[in-house]
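If you read the sequence from its start, that first residue is 1, and numbering goes on from there.
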Amino acid sequence: MIGLRISTSKIQRMRCRLHRAQICQYSKAPLASNTGHFMHHRITGSSSRTLHRFAAESKRLPSLQFGNSVRRFSSLPDHEVLTMPALSPTMEVGTISKWQVAEGDFIESGSVIADVETDKAVVAFEAVDEGYLAKVLQAEGTADIAIGTPVAILVEDKENVAAFKDYMPEDSAAPAAAPASEPAAPAPEPVAAAPAATPAPASAVGASGERIFASPLARSVAAELGIELSQVGAGSGPEGRIVKSDIDRYAASAPAVQQATVATAAAAPAQAAFAAASGPSQDVPLSNMRQTIASRLTTAKREVPHYYLTITCNVDALVNTRAELNERLEKDGVKLSVNDFIVKASALSMAKVPEVNSSFMDTFIRQYDYVDVCVAVATPGGLITPIIPDADRLGLAGISTKVKELATKAKEGGLQPHEYQGGTFTISNLGMFGVDHFSAIINPPQAAILAVGGAETKIVQSGTDDEGKPVYSTSKTMTVTLSCDHRVVDGAVGAQWLQAFKGYIEDPMRMLL
């Protein structure tokens, strides 16, 4: 097994091809990102001297570091090893949901060869080169496949397929089982219980003041183990980003960390005292998406200082305006929903109060010059938030069309990464389920999220009669709650945003100006 660093010019001579996004991250080459392709490289049986020559030249050439090792198989025909690529900034592992081709099938360049479940969605992948699928190394349903792990073998000639019938990558060999006769470690002598220590949150800034880049899952695990990110060093992710495997590796090699973890667990018997229900049950495995949701929401609720502002809006004018516009748009096949008005009102309010259209970036606050609104959509796999880009510049019909399109793709698992990664504000609407009001958890690094309840008919005072007595009538109202990150949005600023939102909702014709 030989690890190499080779220049991008040598890659072409070796006929190695990599995922374009990985090339941009590691070589700094100004190439367009294309997340719909597998990373792969070609290995030949006569490459020994060439490999050693490239290894020697790598010290003086602009280099590209492979995320996986290059192997030499002297007895195998010329072939390509397809490996799992990084499909999103937060992805560390993936699951192959379905192979679209079988062993022995011919694959055309650009055709879909597999569907992979990432931490956000199921994405279809295309082949870069044509050839025959000689061997599937990871079966359908295989979970937690690390980035760079071989998943399949591709050959140019069909007669070479049979040579890989019994092929197994070296890394897939099962570890040897521990001897059964190995004596168990003696039980530690009892010690006096100490007060349980609360693990300190993993710092995102090193001792010298520089920012440390780490995935949300890595931060969460480090905080639970009481590990300072600055102690871990450079990570194995893109550009030194610390990922969960780096934390696990550091914890395994640091006895002090292990002892502290054991001591904390022993000193907190109350946590182990939780009793599970004893009746019949089923354990449902967590999908990659559900694991990511759990990690991100836990981190957000723990690390982001939430506060909540609630206001009630009169929606009589909105209901009437919507009915009138739908009557006019019926011939065009467009039907506006109340949620379309909410998206538009939110986007205009973000432009009017730009302090809310911001993110906390550890050492500064970033204020965006555009408004991308995320709309929470419930799918069988969990919640996902597709993005309505430049929502403040779209008309109501444009927003309606875009929301319907993205919601359909989300439920079918067809969203592309650029359609759900990012956004500057999020809306979660449970009004259609009969919920009158609720509070939502902020989606970092955004600074706010709007929770929308359903419309209710209430009796309100509409004025007074000639004698000055109050006159009552029925009116439709809607309650919304704005969750804010207090590091970015002060209470007065959040209140200004809600007033702007209420103004647009209660006078919807202003949205059309």
pair Tyr504-Lys344: side-chain heavy atoms closer than 4.5 Å: no

Checking side-chain contact (heavy atoms from CB on, under 4.5 Å) against Trp497, which of Leu309, Val489, Leu450 comes through? Leu450

Sub-3.5 Å donor-acceptor pair from the side chain of Ser483 to the main-chain atoms of Ala440, do we have one? yes

Could you check whether atom CZ of Arg510 has more than 12 heavy atoms from other residues, nucleotides or ligands sitting under 6.0 Å from it? yes

Is the backbone N or O of Ala492 less than 3.5 Å from a side-chain atom of Asp490, with the two atoms forming a donor-acceptor pair by type? no

Check: Glu103 side chain, Val136 main-chain N or O, donor-acceptor pair, under 3.5 Å: yes

Below 4.0 angstrom, N of the basic side chain to O of the carboxylate: do Glu419 and Lys409 qualify? yes

Just wondering, are more than 12 heavy atoms of other shown residues or ligands nearer than 6.0 Å to CD in Glu405? yes

Flag the pair Asn443 / Thr385 as yes when at least one side-chain heavy-atom distance between them is below 4.5 Å, and no otherwise. yes

Could you tell me whether a side-chain N or O of Ser295 sits under 3.5 Å from a main-chain N or O of Thr292, the two making a donor and an acceptor? no

Taken in chain and number order and not counting sequence neighbours, the residues that satisfy salt bridge (Lys or Arg N to Asp or Glu O under 4.0 Å) with Asp246 are Arg249

Take a 6.0 Å sphere around CZ of Phe364 and say whether it holds more than 12 heavy atoms from other residues, nucleotides or ligands. yes

Residue pair Lys404 / Thr408, side-chain donor-acceptor N/O under 3.5 Å: no

Answer yes or no: is there a donor N or O on one side and an acceptor on the other, between the side chain of Gln446 and the main chain of Thr426, under 3.5 Å? yes

Heavy-atom donor-acceptor pair, His306 side chain to Val304 backbone, under 3.5 Å: yes

List the atom pairs, with distances to 0.1 Å, where a side-chain N or O of residues 366-378 and a protein N or O form a donor-acceptor pair under 3.5 Å, not counting sequence neighbours.
residue: Tyr368; atom: OH; partner: Ser359; partner atom: OG; Å: 2.7
residue: Asp372; atom: OD1; partner: Asp390; partner atom: N; Å: 2.9

Salt-bridge criterion met for Lys244 and Asp248 (N-O under 4.0 Å): yes

Which pairs count as side chain to side chain donor-acceptor pair (under 3.5 Å) when at least one residue sits in residues 347-357, sequence neighbours excluded? Asn357-Thr424

Distance-only, no hydrogens or angles: does the Asn320 side chain make a donor-acceptor pair with backbone N or O of Ala317 under 3.5 Å? no

Just by distance, no angles: are the side chains of Thr310 and Thr481 close enough, under 3.5 Å, to form a donor-acceptor pair? yes

Distance-only, no hydrogens or angles: does the Arg322 side chain make a donor-acceptor pair with backbone N or O of Leu336 under 3.5 Å? yes

Taking atom CG as the centre, does Leu512 end up with more than 12 heavy-atom neighbours from other residues, nucleotides or ligands that are less than 6.0 angstrom away? yes

Counting only heavy atoms not in Lys335, do more than 12 fall under 6.0 Å of its NZ? no

Report all side-chain donor-acceptor pairs from residues 327-334 shorter than 3.5 Å, counting only partners two or more places apart or in another chain.
residue: Arg328; atom: NH2; partner: Glu324; partner atom: OE2; Å: 3.1
residue: Lys331; atom: NZ; partner: Arg328; partner atom: O; Å: 3.0

Backbone N or O of Leu318 within a donor-acceptor pair of the Thr321 side chain at under 3.5 Å? no

Got a sec, which residues hit ring pair (Phe, Tyr, Trp, His ring centres under 6.0 Å) with His486, two or more places apart in sequence or on another chain? Tyr307

With Asn314, which residues qualify under side chain to side chain contact (heavy atoms under 4.5 Å, CB included), at least two apart? Asp316, Ser475, Glu506

